[in-house]
Amino acid sequence: MSSETNQELHVDPLERNWIVIAIGVLVAFAILITIAGFMLGIQVPTNEARVDPATFENELPWSEPGLRELVPGEEYEAYVIARQFVFDAGPEGIVVPEGARVTFYVTSADVQHGFSLEGTNVNMMVIPGQVSKLSATFEEAGEFNVICHEYCGVGHAFMAGKVVVEG
Ligand code: CUA
């Protein structure tokens, strides 16, 4: 450190290079996250609502988990309860026609789970007391697996569900 005053701020050339690189990295990340958010459809799971894990299953919609048809053939909602070690989507499960857009509302009845839906960018944590929400449009027929990707107990590896898209 210089004790002289009235000097221009001296920045070592190497230090300046690293400052430029650091700022460049931040700008690059900002550009990439913007592209991901607006062009690739990356979604952030929203904290849609809060529920009381002790009582939520006594009231609609959670007392009747499963699919709801909003616009026939087009727009659906699915209420899914994650619990050790299943995804409960009601007795009929989630069966939709090709081209359907499904908004998933998922919460947990016990511990933290994951909800990762094959072939889509629906991937969220499921936390007791919170409702996580994400949407996906199914352009192709088939069976799409849902897997739990948060360790939730001895049956974690076998915890799976599915969405059936009929052509
Ligand atoms: Cu549920 Cu891992």
Side-chain angles (χ1 to χ4, degrees), residues 25 28-30 32-167:
V25 167
F29 284 168
L32 290 174
I33 200 86
T34 304
I35 291 172
F38 290 97
M39 294 171 70
L40 301 180
I42 295 260
Q43 307 176 82
V44 179
T46 55
N47 173 13
E48 178 64 14
R50 298 212 169 260
V51 291
D52 181 345
T55 60
F56 76 102
E57 289 182 82
N58 300 330
E59 289 166 36
L60 283 170
W62 301 105
S63 54
E64 290 175 22
L67 197 68
R68 311 278 192 275
E69 189 178 62
L70 302 182
V71 179
E74 290 178 22
E75 196 73 40
Y76 296 81
E77 284 178 347
Y79 291 85
V80 181
I81 301 173
R83 63 164 56 90
Q84 292 166 321
F85 297 97
V86 292
F87 291 105
D88 182 359
E92 269 129 63
I94 304 172
V95 181
V96 294
E98 212 174 71
R101 178 175 169 82
V102 183
T103 300
F104 296 88
Y105 296 86
V106 191
T107 190
S108 170
D110 41 41
V111 300
Q112 178 173 309
H113 297 277
F115 187 96
S116 178
L117 178 52
E118 182 187 15
T120 70
N121 54 19
V122 171
N123 181 334
M124 52 194 176
M125 283 211 292
V126 182
I127 300 166
Q130 175 179 306
V131 180
S132 299
K133 172 192 175 188
L134 275 181
S135 302
T137 302
F138 297 92
E139 304 291 0
E140 286 176 27
E143 288 196 5
F144 300 86
N145 294 312
V146 176
I147 59 158
C148 177
H149 59 66
E150 296 285 342
Y151 183 74
C152 54
V154 290
H156 163 70
F158 307 102
M159 182 165 171
K162 68 180 172 186
V163 173
V164 177
V165 181
E166 294 178 330

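All ligand and atom numbering here is 1-based and tracks the order in the structure. Heads up: numbering here begins at 1 and tracks the sequence.
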(message) Exactly one of Ile94, Thr120, Leu134 should register a side chain to side chain contact (heavy atoms under 4.5 Å, CB included) with Phe104. Which one does?
(response)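 Single pass found, and it is Ile94.
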(message) Lys133 and side chain to side chain contact (heavy atoms under 4.5 Å, CB included): which single residue from Thr103, Thr107, Val122, Val106 fits?
(response)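 Going through the options one by one, the only one that passes is Thr103.
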(message) If we only look closer than 2.8 Å, how many protein N, O or S atoms does atom 2 (Cu) of ligand 1 have near it?
(response)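 Near atom 2 (Cu) of ligand 1, the number of protein N, O or S atoms below 2.8 Å is 4.
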(request) For Ile33, look at atom CD1 and say whether over 12 heavy atoms of other residues, nucleotides or ligands are found less than 6.0 Å away. (result)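 Open: at most 12 neighbouring heavy atoms sit under 6.0 Å from CD1 of Ile33.
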(message) I'd like to check the ring-ring contact (aromatic ring centres under 6.0 Å, His included) partners of Tyr76; sequence neighbours left out, ordered by chain and number.
(response)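 ring-ring contact (aromatic ring centres under 6.0 Å, His included) check on Tyr76 returns nothing, list empty.
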Expected list for residues 158-167: side-chain donor-acceptor pairs under 3.5 angstrom, two or more places apart:
none

(message) For Glu150, give me all partners under salt bridge (charged side-chain N to carboxylate O under 4.0 Å, His left out), at least two apart in sequence or on another chain.
(response)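 Expected list: none.
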